[in-house]
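Have a look at the structure below, then the notes.
Throughout, protein chains are lettered first and strands after them, A, B, ... in sequence-line order, and every chain is numbered starting at 1.
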2 protein chains.
Amino acid sequence: MGSATEQAATLLPDSGDQVGVLAKFFRALGDPTRLRLLEFLLDGEHSVSDCVAHVGLSQGRVSTHLACLADCGYVRARRHGRWNYYCVTDPRVAELVTLARALATDNCAALSGCERIDAAGDSA
Amino acid sequence: MGSATEQAATLLPDSGDQVGVLAKFFRALGDPTRLRLLEFLLDGEHSVSDCVAHVGLSQGRVSTHLACLADCGYVRARRHGRWNYYCVTDPRVAELVTLARALATDNCAALSGCERIDAAGDSA
DNA sequence: CGATCGTATCCGCTAATGCGAATATACTGG
DNA sequence: CCAGTATATTCGCATTAGCGGATACGATCG
């Protein structure tokens, strides 16, 4: 876990448009619905219908969100007849969410008060 | 202002909202400009003017972005006279970026092709 | 004290994006 | 085959949010 410091050189923004791709990657988790779906899938494999029931949004929207998460590499789809099952295969995804949650929790107060980014579901 | 304990009741409404806050946290890194600024500050402490010169955007925009990153707990500001210096204090921030970059790199192809999230500066 | 520099905030504009509803596609069962 | 189910895609709409430019604020210098 202590290898982050020595990799500081690779963090430099001289990698060209890699910043844009990374931003895209982060933005995929910047939506409450997708984040809720991802955490639901971290719990185990679920079909699209299950996800629809879980988040309570329209089927089309959920399908798009899941495809988005799959494109970004967070989840993987497994077709079985009419059903499409999604799940998280890379354990680093759980690591990422856990680490981010720890950081967010430590700054929860300031985060909630940050009006520069809309809450988008933040219930006062 | 009341005590920290008193604020906790208002700032931590219920555990279910944690998803919204976490999404906010991720969205802060979902913008290429903020991500570039964060990586610039991972390199060391820099003033707002330095950041403006680095990213090449208007001073007002950069100032807002930096304040946003500070609100989310990614960076910290240090006033010295007229100048305001920003830097990353929490080593977990570097961890988070490193982990995310590793994941994004492994799915770079699919990520670039994901049209469900706009590239926003993503190009060759 | 008045001029200037560094920074923060405000304002309109425009592009990005999440939403539901409608529709298309794919597969299964009778 | 045709009906039905599960999922994917498209469309119009409303909101979010990043952008530059103008301006306000605070500190320093002459």
Side-chain angles (χ1 to χ4, degrees), chain A residues 19-20 23-38 41 45-72 75-87 113-122, chain B residues 19-20 23-38 41 45-72 75-86 113-123:
Chain A
V19 175
K24 218 166 157 183
F25 187 73
F26 275 121
R27 200 177 323 180
L29 298 189
D31 176 67
T33 301
R34 280 194 295 266
L35 203 50
R36 186 148 35 214
L37 283 171
L38 181 62
L41 295 173
E45 193 180 58
H46 293 286
S47 69
V48 176
S49 303
D50 288 341
C51 293
V52 170
H54 183 69
V55 300
L57 295 184
S58 70
Q59 179 269 320
R61 204 94 296 278
V62 172
S63 178
T64 302
H65 279 318
L66 289 173
C68 178
L69 287 173
D71 278 350
C72 294
V75 300
R76 222 185 135 178
R78 181 176 67 88
R79 266 278 179 188
H80 186 73
R82 282 176 285 192
W83 294 274
N84 207 5
Y85 296 101
Y86 285 88
C87 65
C114 178
E115 299 174 355
R116 287 168 249 270
I117 296 183
D118 182 58
D122 193 1
Chain B
V19 175
K24 219 166 158 184
F25 186 73
F26 275 121
R27 203 178 321 181
L29 299 189
D31 176 67
T33 301
R34 280 194 296 266
L35 204 50
R36 186 150 36 213
L37 283 171
L38 181 63
L41 295 174
E45 193 180 59
H46 293 285
S47 70
V48 176
S49 304
D50 288 340
C51 292
V52 170
H54 183 70
V55 301
L57 294 185
S58 70
Q59 181 269 320
R61 204 92 295 278
V62 172
S63 177
T64 302
H65 278 318
L66 289 173
C68 177
L69 287 173
D71 278 348
C72 294
V75 300
R76 214 180 143 191
R78 180 177 66 89
R79 267 276 178 192
H80 185 73
R82 285 177 286 192
W83 295 272
N84 207 4
Y85 296 101
Y86 285 88
C114 178
E115 298 174 356
R116 288 168 249 270
I117 297 181
D118 184 59
D122 184 11
S123 63

Counting only side-chain N and O atoms of A:S63, is one of them less than 4.0 Å from OP1 or OP2 of D:dT9?
no
Please determine whether a side-chain nitrogen or oxygen atom of A:S47 lies at a distance below 4.0 Å from atom OP1 or OP2 of D:dA6.
no
Just jot down the side chain to side chain contact (heavy atoms under 4.5 Å, CB included) partners of [X], sequence neighbours excluded, or say none.
X	result
B:A53	none
B:V55	B:R36, B:L37, B:L57, B:V62
B:R116	A:T64, A:A67, A:C68, A:D71, B:C114

Counting the atoms with a prime plus P, OP1 and OP2 as sugar-phosphate, which does A:Y85 contact under 4.0 Å by heavy atoms, base, sugar-phosphate, or nothing?
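Since no nucleic acid heavy atom lies under 4.0 Å of A:Y85, the category is nothing.
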What contact category does A:T64 fall into here, base, sugar-phosphate, or nothing, at under 4.0 angstrom with non-hydrogen atoms?
base
Min side-chain heavy-atom separation A:T33-B:V19 under 4.5 Å:
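The answer is no; the side chains never approach within 4.5 Å.
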According to side chain to side chain donor-acceptor pair (under 3.5 Å), who are the partners of [X], at least two apart in sequence or on a separate chain?
X	result
B:Q59	none
A:R78	A:E45
A:S47	A:D50

Nucleotides 25-30 of chain D: protein proximity per nucleotide (B base, S sugar-phosphate only, - neither; heavy atom, under 4.0 Å):
-BBS--
Just distance, no hydrogens or angles: give the donor-acceptor pairs under 3.5 Å from side chains in residues 80-87 of chain A, sequence neighbours left out.
none

Those residues of residues 50-59 of chain A lying under 4.0 Å from DNA chain D by at least one heavy atom:
A:Q59
Please tell me which of A:G60 and A:T33 maps to the more 5' nucleotide of DNA chain C, matching each residue to the nucleotide holding its nearest heavy atom.
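The answer here is A:T33.
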